[in-house]
Amino acid sequence: MMSEKYDAVVVGAGHAGCEAALALARLNIKTIMFTVSIDSIALMPCNPNVGGTSKGHLVREIDALGGEMGKNIDRTFIQSKMLNKSKGPAVHSLRAQADKKEYSQSMREVLESTENLTIRQGEVTEIISGDGVLKGVKTFTGTIYPCKVCILCTGTYLNARCITGNISAYTGPNGLQSATHLTDSLEKLGIEIRRFKTGTPARIDGSTIDYSKMEPQYGDEKIVPFSFTNTSEDLDREQVLCWLTYTNEKTHEIIKNNLDRSPLYSGYIKGTGPRYCPSIEDKVVRFSDKNRHQVFIEPEGNYTNEMYVGGMSSSLPEDVQQDMYHSVPGLEKAKIVRNAYAIEYDCINSLELLPTLELKKVKGLYSAGQANGSSGYEEAAAQGLIAGINAARKLQKKEPIIIDRSQGYVGVLIDDLVTKGTNEPYRMMTSRAEYRLLLRQDNADERLTKLGYEVGLISEDRYQHYLEKQRQIQEEIERVKKTFVGNSEEVQSLLKEYDSTPLNSGISLAELVKRPELTYECLKPIDQKRPELSEEVKEEVNINLKYEGYISRQLKQVEQFHKLERRKIPSEIDYSKIGSLRLEAIQKLTDIKPDSVGQAARISGVSPSDISVLLVYLEQYHRK
């Protein structure tokens, strides 16, 4: 049976699917989004939080480009906190605990009210193509939906299996239906499939916890919004408490005594798990020198007693879980509401993708999120947004958008996946970004709002507001550089207050801001002509002045990076005919087909000497 025609199909309604579908529909593409369950839209099957170290950067970049995640978490958070405030601004990361049910419902309301978007409960079982070009998709009922582009956002649902001890259930997360047919269709198209694994801890009844044995964890008094469309005042609300406790030697003994019953160590679990988000049994084995690990007790929402046991994901049998959790201070009498479990699922080898997130083997077919081997809601949403934008631009016959490593964490994320690949669930970290002083969470709008406006996802009003903010920042930086103070009693007194070296002669306010103990804000008493500015503008002025030298150095590094990125490699080059290239380099370059020398240099297995050979060959090639 043939259905109504759509320009675009999105498979999956998780965080990647929501951003992909919204981007397409908002760019006037007639779109249908399929989900195995309408109740799984924007589901948070693991911790109901958004952001965190480096992930907060991604959410702010999503917002700067015109995505929805930042706005949605601002609407639904129950606690918000800026992490790493004791460190430099490059690693400041916003994190918010969400009301799990409200987050999902709020995103659903946005999707349902978006023009050009249809939501359909159903399982897509087959990708239909011909001569390497997408033609449509087929559902479990046999209905064919013709389309020009399709984005796979299957999350952890492909052939999913949830595991507790030696018991497994062939379901998706939270017992939802898994997608059991699409993998076969992808393999028939020649797409390489991998088997990955992730996990989640138990949920416990909050009324059975002894909080007196735990340390309270408070949210920030002054809320920093995820979305640049909001202000701190917009988000002023009562916040819930989270709690910190620790495992102990008794906990570790229980785990060690039952490792033979762990599916992770018995071989019952076949999928590769995330290195940077290990289960508690993995932590105990890998970090045997540590006698305790942090455990965060976090609410799942305002209207439920369920509490998330952060830091103790597990796939151990139920009886071991009972003993293990009861050994933790404060959880001695805790009642488990939902068991911890591991989940295995199929995903695509990310080296099958172009930097646009289009699959190399099927034109018009895109993939985003955990379907590409990444982990995390934020990584998924970022990929979904970029895939949605590029699928829309393909239909509009416009050049694709490729964000490079110097423009955003989303660029680092996608470049890592499509250039280096991943043998385990990929997690974004600040250490992966070479230019992280330039890629701060506070300046995501400066880096990407113009691009979002050019794409068509940022409104004219919002763009003008952004331009005004940038004008104020630049004017204030210039004013502060030109404002000088002398060694007056007022100035010396202020410097003494902050244990700063007194002045012998005049100095600019900009030079004072660069002193480690001083900030733009603390100099206000000696800055008589300071204009009234928003907190966001003042923060940017302070950072740009204080780190001016370091920022300048990184900008020079970026220019060197761009030189190699601008050295394009013709797609028709046959690497096997380039003399002196090593065999491994020939294989990797042929498989990945990098579009620039810069991308080629980042491929695992391609050495600097290979790049030198390639550069010489390209010089000769272009002379022909």
Residues [X], [Y]: salt bridge by 4.0 Å N-O rule:
X	Y	result
E434	R436	no
K197	E344	no
K469	D445	yes
E454	K398	no
K71	D63	yes
K563	E559	no
K148	D7	yes

Side chains of [X] and [Y]: do they bring a donor and an acceptor to under 3.5 Å?
X	Y	answer
T183	D346	yes
S40	T35	yes
S178	T180	no

query: Who pairs with V418 by side chain to side chain contact (heavy atoms under 4.5 Å, CB included), at least two apart in sequence or on another chain?
result: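 For V418 the side chain to side chain contact (heavy atoms under 4.5 Å, CB included) partners, ignoring immediate neighbours, are L353, P355, L357, I414, Q599.
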
- request: Write down the atom of A25, the atom of L117, and the distance for their closest heavy-atom approach.
  value: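 Shortest heavy-atom separation between A25 and L117 comes out as CB-CB, 3.9 Å.
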
- prompt: What's the shortest heavy-atom distance between P201 and Y308, and which atoms?
  reply: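 Looks like CD-OH, 3.4 Å.
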
Neighbour count >12 (heavy atoms, 6.0 Å) for atom [atom1], [X]:
X	atom1	result
K363	NZ	no
H181	NE2	yes
E399	CD	no
K188	NZ	no
K450	NZ	no
K361	NZ	yes
F140	CZ	no
K101	NZ	no

query: Pick from D416, T419, D415: which one makes a side chain to side chain donor-acceptor pair (under 3.5 Å) with R602?
result: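 The passing option is D415.
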
Where at least one partner belongs to residues 365-375, residue pairs that pass side chain to side chain donor-acceptor pair (under 3.5 Å), sequence neighbours excluded: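 Matches after skipping sequence neighbours: S367-N372, N372-Q383, S374-Q383.
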
message: I'd like to know whether S106 forms a side-chain hydrogen bond (donor to acceptor under 3.5 Å, both in side chains) with R75, so could you lay out the CA-CA distance, the side-chain angles of the two residues, the decisive distance to 0.1 Å, and finally the verdict.
response: CA-CA 8 Å; S106 175; R75 286 190 291 266; 2.9 Å; yes

message: Walk me through whether E352 and K360 qualify under salt bridge (charged side-chain N to carboxylate O under 4.0 Å, His left out).
response: CA-CA 6 Å; E352 299 270 3; K360 296 171 183 175; over 6 Å; no

Check against side-chain contact (heavy atoms from CB on, under 4.5 Å), R447 and L439: CA-CA 8 Å; R447 292 182 279 114; L439 308 184; 3.7 Å; yes

query: When you look at R194 and E424, which way does the salt bridge (charged side-chain N to carboxylate O under 4.0 Å, His left out) test go after all the steps?
result: CA-CA 9 Å; R194 292 184 167 174; E424 61 191 35; over 6 Å; no

message: Could you check whether F561 and Y435 have their ring centres less than 6.0 Å apart?
response: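 Distance test on ring centres: under 6.0 Å, yes.
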
- request: May I ask you to check whether Y145 and F34 place their ring centres under 6.0 Å from each other?
  value: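 Aromatic pair counts; centres sit under 6.0 Å.
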
- request: For N47, enumerate each residue passing the side-chain hydrogen bond (donor to acceptor under 3.5 Å, both in side chains) test, keeping only those at least two apart in sequence or located in another chain.
  value: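 For N47 the side-chain hydrogen bond (donor to acceptor under 3.5 Å, both in side chains) partners, ignoring immediate neighbours, are N49, Q97, E298.
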
- prompt: Do T76 and D99 pass the side-chain hydrogen bond (donor to acceptor under 3.5 Å, both in side chains) test, and can you show the C-alpha distance, the side-chain angles, and the key distance before you say yes or no?
  reply: CA-CA 6 Å; T76 60; D99 183 301; over 6 Å; no

field: F226 six-ring centre to R95 NZ/CZ under 6.0 Å and within 45° of normal
entry: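 No, R95 and F226 do not form such a contact.
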
- request: Test the R195-Y345 pair against the cation-pi criterion, namely NZ or CZ under 6.0 angstrom from the six-membered ring centroid and within 45° of the ring axis.
  value: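 So R195 doesn't make the cation-pi contact.
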
task: Step by step, work out the salt bridge (charged side-chain N to carboxylate O under 4.0 Å, His left out) result for E358 and K394.
output: CA-CA 10 Å; E358 186 177 22; K394 187 180 187 75; 3.1 Å; yes

Gap between atom [atom2] of [Y] and atom [atom1] of [X] - 0.5 Å precision:
X	Y	atom1	atom2	result
L438	N443	CG	CG	7.5 Å
I73	S227	CD1	OG	12.0 Å
L94	R60	CG	CZ	6.5 Å

field: side-chain hydrogen bond (donor to acceptor under 3.5 Å, both in side chains) assessment of E123 paired with Q177
entry: CA-CA 9 Å; E123 181 184 349; Q177 177 187 333; 3.1 Å; yes

- prompt: Does the side-chain contact (heavy atoms from CB on, under 4.5 Å) test come out yes or no for E460 and Y453, once each step is laid out?
  reply: CA-CA 8 Å; E460 183 67 35; Y453 175 69; 2.4 Å; yes

- prompt: Is Y409 reaching over with its side chain to a backbone N or O of M429, donor-acceptor style, under 3.5 angstrom?
  reply: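 Not a single qualifying donor-acceptor pair exists.
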
